[in-house]
Amino acid sequence: MTLILDPDEPAGWREAPHRADTADDPLTAGLNPQQLEAVEYRGPALLIVAGAGSGKTRVLTHRIASLIQRREAWPSQILAITFTNKAAAEMRERVEALLGEGASGMWISTFHSACVRILRREAESIGLSSTFTIYDSADTRTVLKRIIKQLDADTMGFTPASAQAKISKLKNELADVESYARNANLNDPQEVMFLEIFRQYTRRLREASALDFDDLIAETVYLFRAFPKVAALYQRRFRHLLVDEYQDTNHAQYALIRELTRPVERAIVDELDAHGVLVRGLVDERGEIPGASLTVVGDSDQSIYAFRGADIRNIVEFERDFPGASVVLLEQNYRSTQNILSAANAVISNNFDRKDKKLWTADGDGDQIVGYTGYTAHDEAQFVVDEIEALHRAGTAYRDIAVFYRTNAQTRALEEIFVRSAVPYRVVGGTKFYERAEIKDAMAYLIAVANPLDELALRRILNTPKRGIGPATETAIATFAEQNELTFRQAMRSAGELGLGPKVTGAINALADVLDEAAAMLVPSQAGIEAGTNEGASKVSDVLVFLMERSGLLDALRNSRDPQDETRAENVEELVAQTRDFDRENPQATLVDFLTQVSLVAAADELDDASGTVSLMTLHTAKGLEYHAVFLTGLEEGLLPHQMSATEPGGPAEERRLFYVGITRARKRLYLSLAMSRAQFGEVAVAMPSRYLQEIPEGLIDWKQSPGMATSRGGTQPRALNARRGQGGGASGGAWGTRGRDLERFSVTKNAGAKTEWANRVTGTVRDNGDLTLEPGDRIRHADFGEGRVSQVTGEGTKRIAHVSFDTAGAKKLLIKIAPIEKL
DNA sequence: AAGGCGCTACTTTTT
DNA sequence: GTAGCGCCTT
């Protein structure tokens with residue numbers, strides 16, 4: 001274990017010599033009173049409740065800069081946690097700009113990056129290789145798939161996805177196999193089976209020296225709890241912790257913060273002292289190092305990650321958690337127009353159990369919000385692109401425009417229209433470069449070299465490119481490894497003892513040789529080893545090129561008859577180019593550094609400010625960003641709120657926050673759009689306007705085409721969507737499509753009087769009759785119209801329409817798929 | 001062992 | 001609409 005983290009770090013830190021409050025001080029100039037308070041407050045704990053666009057990044061950077069400039073802290077004593085790597089890089093730049101100098105030694109990173117850094121340093125303490133692999137969700141799934149198959153657990157209803165979700169949830173709560181086993185009901189076969197899956201999963205990752213995303217946080221907490229002396233090194237070092245987006249921290253992250261801000265006991269202080277760790281100047285009168293100061297910034301209205309364990313209580317109960325905590329409220333908004341803020345305020349006020357908070361601006365109302373209802377997703381996309389082109393003609397740069405949506409699947413229609421219209425765009429996140437099969441293959445070669453214990457990586461490349469090593473051979477190696485207590489890699493070296501054919505044996509040996517040679521390239525020179533640097537080791541790009549050429553992967557792609565393989569080869573070349581960039585920008589970095597960086601890129605990290613393109617992204621990815629013009633698309637029941645959220649406790653409220661986050665990303669122009677029908681699982685389904693649209697006060701939205709217009713094709717008056725917003729029942733989320741009962745209106749009713757059906761109704765889920773078949777002569781019962789006889793059926797698939805003469809209500813036309821009917 | 005064909009089930013959001 | 005799986009043939 002490393003005892004001295006920063007040998008050249010000056011001893012101790014002094015109290016602030018002065019408090020410069022001059023208007024010229026760049027650290028305080030132009031801040032409003034609340035911001036100033038948040039920058040200058042000193043104490044053990046500070047909560048900054050920062051509404052959207054209230055300048056929290058500014059406050060954080062100024063706070064850090066003031067700590068350093070006033071000599072209250074050295075840069076190395078700062079640990080700032082941001083949500084993305086891009087935000088971290090930005091924050092560092094801004095702090096350095098304020099200071100007018102570099103601030104090296106400062107840790108500004110994401111939770112995950114910080115934990116990896118700590119874990120690689122301290123890996124030995126917890127029996128991990130310092131070159132441990134980080135498994136992404138796909139890797140986790142692959143491992144679980146194998147385990148479930150082996151245990152025949154699918155017969156008990158387990159899927160890789162379900163097991164993955166459950167394991168992730170447990171780890172976010174800091175539960176491990178043992179603690180889960182203690183509380184498990186062992187009479188429940190389902191639970192026993194899950195326990196076995198969990199146990200094997202944990203064992204396999206251990207054996208591969210691999211950690212999944214959740215482990216990165218949890219293992220760091222375990223490390224600190226099990227090794228107080230190791231924890232003390234970090235508790236001593238980081239005197240100021242600043243955590244952004246605190247509302248989205250989960251329990252494990254909260255525990256990590258608690259560990260890092262814990263005081264160091266006297267006995268451990270003395271021990272550190274004896275080992276030469278500088279502690280003088282840090283200890284208090286009792287000989288302890290007091291806990292680090294903690295600053296958290298967050299907004300419970302923007303909590304959108306409950307699904308991955310984010311616990312809103314962390315921020316709500318902050319003052320109780322950290323006695324002596326101060327709270328600063330930032331409500332003044334510097335980003336958006338008042339119209340946009342009024343819409344946001346109105347929407348979010350429908351959530352219960354929240355501290356009332358109203359964003360306001362001094363900058364005026366601005367333009368009206370623009371609304372549009374398309375007939376289809378393509379129609380909607382066309383509207384978006386048309387408006388973008390209009391904005392562009394009027395002088396807005398493409399890069400200042402963003403299009404948001406709830407699910408990644410929604411990009412398809414948007415992309416088609418963007419391509420057709422030749423508007424430059426970029427999908428942020430989504431199908432990532434590093435998720436492509438050929439890139440994962442190439443990365444698996446690098447991983448197999450960096451971490452020979454990683455069986456998953458080895459098995460991935462074993463027969464990629466095809467070298468005649470099939471499943472049977474793979475199993476033979478795995479079995480041999482297990483029986484002889486060897487790693488998979490070692491078993492490969494013993495291929496000769498497996499009784500395989502000479503061709504297969506040769507192929508395995510050849511692969512093992514290539515990996516060995518690549519590993520040799522990574523060993524630093526003697527001088528490098530002595531200096532503790534990476535000197536003399538081959539560059540990442542050279543190792544990758546060596547592996548791609550010697551393994552035959554690149555040749556196989558180039559010489560393939562499959563036309564898609566040409567693109568795949570280009571992608572591999574692109575990866576090589578990326579490693580060259582990495583080598584150039586990080587001359588001291590190792591292969592493991594490269595692998596780490598790739599593992600931890602967030603969707604928003606891909607954003608390139610210099611690109612002249614419109615950005616397309618999910619609402620989740622949009623958090624923390626802002627654009628001149630924002631398009632919120634797919635504002636439909638089932639999409640926002642998403643169908644899947646309906647059953648989750650707190651689901652609809654979280655979806656509302658997601659909508660709120662989307663609205664508040666817009667500076668000047670906000671567009672809200674939806675489609676009346678949307679294709680899902682390849683079939684067209686009817687879509688209802690999102691209940692949240694109704695929560696926006698009348699007059700804020702200028703509907704170019706309102707749901708009412710799009711619906712009653714008989715030509716009713718253009719009418720604000722929420723014109724009949726009624727009776728104060730808004731909070732219950734009244735909306736149009738109650739169980740699809742007004743669908744007959746959508747489908748055909750020519751009667752303009754049908755608009756009475758636009759009354760607010762409590763929304764349930766959209767009804768779905770599946771492929772209920774009706775034929776002329778069938779009798780049916782309708783929820784509202786009673787019994788009737790089908791006279792005719794027209795249309796195809798989901799758009800089949802039944803023409804019914806009701807016994808009392810007369811003739812009606814119904815969309816069979818979703819009308820509230822049953823066959824008698 | 002590998003490639004091709006056809007069936008099915010999926011679609012929330014992410015580090 | 002498609003990715004992924006299983007079954008088929010070569």
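Each chain gets a letter, A, B and so on, in the order its sequence line appears, and its residues count up from 1.
When heavy atoms are screened at a 4.0 angstrom cut-off, Thr473(A) is found touching the sugar-phosphate backbone but no base atom. Nucleic acid contact class of Ala472(A) (heavy atoms, under 4.0 Å, all strands): sugar-phosphate only. Asn463(A) comes within 4.0 angstrom of the backbone, heavy atoms only, and of no base.
Looking at every heavy atom in both residues, Tyr305(A) comes nearest to Asp248(A) through N-OD1, 3.3 Å.
As rounded to whole Å, 9 Å separates atom C1' of dT13(B) from atom NE2 of His642(A). Remark: C1' of dT12(B) and CD of Glu655(A) are 8 Å apart, rounded to the nearest angstrom. One can place CG of Leu616(A) at 15 Å from P of dT13(B), the figure rounded to the nearest angstrom. What separates CD of Glu636(A) from P of dT12(B) is a distance of 16 Å, to the nearest Å. Counting to the nearest Å, the C1' atom of dA9(B) and the CG atom of Asp154(A) are 15 Å from each other. Atom pair Asn250(A):CG and dT15(B):C1' shows a separation of 10 Å (rounding to whole Å applied). Separating the CD atom of Glu245(A) from the P atom of dT15(B) is a distance of 13 Å, rounded to the nearest angstrom. Regarding Tyr434(A), its OH atom lies at a distance of 16 Å from the C1' atom of dT15(B), rounded to whole Å.
Applying ring-ring contact (aromatic ring centres under 6.0 Å, His included) to His620(A) and the options Tyr405(A), Phe83(A), Phe307(A), Phe404(A) leaves one that passes, Phe307(A).
Electrostatic pairing of Glu455(A) and Arg204(A) does not count as a salt bridge here, judged by no charged N lying under 4.0 Å from a carboxylate O. A salt bridge links Arg206(A) with Glu219(A): the distance from a Lys NZ or Arg NE/NH1/NH2 to an Asp or Glu carboxylate oxygen falls below 4.0 Å. A salt bridge does not link Lys169(A) to Asp214(A): none of the charged nitrogens lies less than 4.0 Å from a carboxylate oxygen.
A distance of 5.5 Å separates CZ in Phe488(A) from CD in Glu474(A), rounded to the nearest 0.5 Å.
Between Asn408(A) and dT13(B) there is a side-chain N or O to OP1 or OP2 distance below 4.0 Å.
Each salt bridge (charged side-chain N to carboxylate O under 4.0 Å, His left out) pair with one or both residues in residues 82-91 of chain A, not counting sequence neighbours, appears once here: Lys86(A)-Glu90(A), Lys86(A)-Asp609(A).
Checking dT14(B), dT13(B), dT11(B) against the side-chain heavy atoms of Arg406(A) singles out dT13(B) as nearest.
The stretch residues 617-626 of chain A touches DNA chain B through Thr618(A), His620(A), Thr621(A), each having a heavy atom within less than 4.0 Å of the strand.
If you find the closest nucleotide of DNA chain B to Glu474(A) and to Arg412(A), the one lying nearer the 5' end belongs to Glu474(A). Map Val504(A) and Asp214(A) each onto its nearest nucleotide of DNA chain B; the residue landing nearer the 5' end is Val504(A).
Both geometric conditions, a ring-centre gap below 5.5 Å and a plane tilt below 30°, are not fulfilled together for Phe111(A) over the base of dT15(B).
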